[in-house]
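For the single chain, residues carry numbers from 1 onward in sequence order. All values reported here derive from a predicted model rather than from experimental measurement.
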Amino acid sequence: MKKDTHDFIQGYKGLGAFGMDRETDEETVMFYLQKFSEDGFMKTFLPRLSDTQLEEIYLFVNKHLKKHISEDEYHGLFLKDR
């Protein structure tokens, strides 16, 4: 099975600001999501959310995955089970 990576965040030297231009916006979202998904942060953050808030996050991500990536990309890139 393929290993998950967060290589981008290791060398990121960008602005980390949103609203300047598309490239910076994409980099900033990638930065935030990689920081957001770190195990240590999640162990602190997730228990503080209500059941509804957990569901909202799950549904938001799932909706956009289904809208923007194919089934093969979902399995190959996201789940890494193919």
Side-chain angles (χ1 to χ4, degrees):
M1 183 171 279
K2 296 174 188 166
K3 191 174 182 180
D4 292 328
T5 62
H6 282 131
D7 295 331
F8 173 81
I9 196 72
Q10 301 305 321
Y12 182 63
K13 303 283 190 243
L15 295 174
F18 198 85
M20 298 189 66
D21 57 63
R22 178 66 188 220
E23 182 180 1
T24 304
D25 290 352
E26 288 180 10
E27 290 175 353
T28 299
V29 169
M30 192 167 184
F31 173 88
Y32 266 58
L33 290 176
Q34 287 189 6
K35 296 301 274 183
F36 184 79
S37 67
E38 289 198 356
D39 292 349
F41 179 73
M42 285 284 101
K43 287 177 185 175
T44 298
F45 183 69
L46 291 176
R48 297 177 185 182
L49 299 176
S50 68
D51 291 346
T52 300
Q53 290 169 323
L54 284 172
E55 183 179 15
E56 287 171 350
I57 292 170
Y58 174 79
L59 292 174
F60 174 83
V61 170
N62 213 23
K63 175 179 111 177
H64 289 284
L65 288 174
K66 287 181 179 182
K67 185 175 181 178
H68 297 286
I69 65 170
S70 70
E71 184 77 14
D72 284 341
E73 290 169 325
Y74 175 74
H75 285 279
L77 296 171
F78 186 73
L79 294 180
K80 295 180 180 65
D81 63 357
R82 289 189 184 161

Does a donor on one side chain sit under 3.5 Å from an acceptor on the other, for Q10 and H6?
no

Is the shortest heavy-atom distance from the side chain of K35 to the side chain of F31 under 4.5 Å?
yes

Using the rule that Ile, Leu, Val, Met, Phe, Trp and Tyr join whenever any side-chain heavy atoms are under 4.5 Å apart, tell me whether I69 and V61 fall into a single cluster.
yes

Minimum heavy-atom separation for F45 and I57, please, with both atom names.
CE2-CD1, 4.5 Å

H68 NE2 to K63 NZ distance, which is reported to the nearest 0.5 Å
8.5 Å

Measure the spacing between CE of M20 and CD of E27 and express it to the nearest 0.5 Å.
11.0 Å

When clusters are formed by joining ILVMFWY residues with side-chain heavy atoms under 4.5 Å apart, either directly or through shared neighbours, do Y32 and F41 land in the same one?
no

Surrounding CG of N62 (heavy atoms of other residues, nucleotides or ligands, distance under 6.0 Å), is the total greater than 12?
yes

Is there a continuous path of hydrophobic side-chain contacts, each under 4.5 Å between heavy atoms, that joins F8 to L33?
no

Residue pair M42 / P47: nearest heavy atoms and the distance that separates them:
O-CD, 3.8 Å

With hydrophobic residues grouped by side-chain heavy-atom distances under 4.5 Å, do I9 and V29 end up in a single group?
no

To the nearest 0.5 Å, tell me how far E26 CD sits from D21 CG.
9.5 Å

Just checking F78 against Y74, ring centres under 6.0 Å apart?
yes

Hydrophobic cluster identity match, M30 and F18, side-chain contacts under 4.5 Å:
no

Kindly compute the distance separating CD (E23) from OG1 (T28), expressed to the nearest 0.5 Å.
10.0 Å

Around E55, counting heavy atoms of other residues, nucleotides and ligands shown, do more than 12 lie under 6.0 Å from its CD?
no

Sequence neighbours excluded, which residues qualify as salt bridge (Lys or Arg N to Asp or Glu O under 4.0 Å) partners of R48?
none

